[in-house]
Amino acid sequence: MDSRAIGVFDSGLGGLTAVSALRELLPGEDVVYFGDTGRVPYGTRSAETIFRYASQDVRFLLSHELKCIVVACGTVSSVALPRLLEMTDIPILGVIEPAVRAAVRATKNGRIGVVGTSATIRSGTYREGLLAANPGLEIISKPCPLLVPLVEDGRFSEGCTVTELLVEEYVSPLLKQNIDTLILGCTHYPLLTGIFSKLCGPDVALINPGYEAVVSLRELLSENDALRGGGPACGEHYYVSDSEQQFLQYAEMFLRGPVHGQVQRIDIENY
Ligand code: DGL
């Protein structure tokens, strides 16, 4: 048993979709979340900048007593994970490997679509991972740079015309190529599941990498006998690098529930 908390970070609010999965799959665990809301988005930046930001995020989280860290950001997981692993002995889990495993399990025709930020798609990490798992797969990738700003602006519900039009513009070419599985390779996109599902229909499996990462984490903690033991839980603690109020405005939608615990602003440049 290990009663230390699970650290989670993202460039902003998207990683809260992984916290929502933690609440569902590992409800007894304490969580320390950092959202770099002052520097979001990461997905339009260079690999070097993404690594610099992500290493500060990890250093901040490591100032807490943690048993592991979940990189709940598709961009950081694609671009910076191997270098982040060198920073600590505690396990750091990205979202790519778990999503790759789920997609390989889900596909029947071997044609997998991947959508994500420009940095994620440019990195080729999903393609590499999928082809390493099965060299016979056909991978069709598409950067969707305009989706994150729309989600951050609260425009993610079905019926939101501008978002529906954009998702159609981005995803139709993949559907024309007969994909039967689509990796939503950015932690903001699960909020668009309704819109993606409506467009893709029931025959395309949608993979949520944040959720799959938590499934993998549960396996890892239980194999290592590191699930949380008894004693009073501290619950969830949220840290952001910009306004707490702005975070609270949309956090509940990403969490699909109320924000439990404190929200505190920190200066990430100190780490
Ligand atoms: N959370 C990021 C990701 O999953 C998207 C937002 C950003 O560009 O920073 O890729």
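Whatever order the structure lists ligands and atoms in, that order sets their numbers, starting from 1. Quick note: numbers below take in every heavy atom, side chains included, and nothing from hydrogens, waters or symmetry partners.
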Give the atom numbers and elements of ligand 1 that come within less than 4.0 Å of a heavy atom of G43. 7 (C), 8 (O), 9 (O)
Within reach of ligand 1, part of T75 (heavy-atom separation under 4.0 Å): both
Which residue and atom name correspond to the protein heavy atom nearest atom 5 (C) of ligand 1, and how close is it? C186 SG, 3.4 Å
For the residue pair R122 and R45, what are the closest heavy atoms and their distance? NH2-O, 3.4 Å
Show the atoms of ligand 1 that are less than 4.0 angstrom away from any heavy atom in Y42. 7 (C), 8 (O), 9 (O)
Please classify the V148 to ligand 1 contact at 4.0 Å (heavy-atom distances, strictly less than): side chain, backbone, both or neither. side chain
Are Y33 and F9 near enough that their ring centres are under 6.0 Å apart? no
Taking atom 3 (C) of ligand 1 as the reference point, the nearest protein heavy atom with its distance: G74 N, 3.4 Å
Check whether any side-chain heavy atom of F51 lies under 4.5 Å from a side-chain heavy atom of V79, and answer yes or no. no
Give the atoms of ligand 1, by number and element, whose distance to some non-hydrogen atom of D10 is under 4.0 Å. 1 (N), 2 (C)
Hydrogens and angles aside, do T120 and T117 bring a side-chain donor and acceptor to less than 3.5 Å of each other? yes
Using a heavy-atom cut-off of under 4.0 Å, does the side chain or the backbone of S11 touch ligand 1, or both, or neither? side chain
Backbone or side-chain N or O of T117 under 3.5 Å from ligand 1 N or O: no
From L147, L16, T17, V148, residue fulfilling side chain to side chain contact (heavy atoms under 4.5 Å, CB included) relative to H188: V148
Does a donor on one side chain sit under 3.5 Å from an acceptor on the other, for Y239 and H64? yes
Less than 3.5 Å between some nitrogen or oxygen of T44 and one of ligand 1, yes or no? no
For E169, is there an ion pair with K142 - N to carboxylate O distance below 4.0 angstrom? no
Is the shortest distance from a heavy atom of G12 to ligand 1 less than 4.0 Å? no
Validate the cation-pi geometry between R59 and Y271: distance from NZ or CZ to the six-membered ring centre under 6.0 Å, angle to the ring axis within 45°. no
Under 4.0 Å from any heavy atom of H188, which atoms of ligand 1 are there? 1 (N), 5 (C), 6 (C)
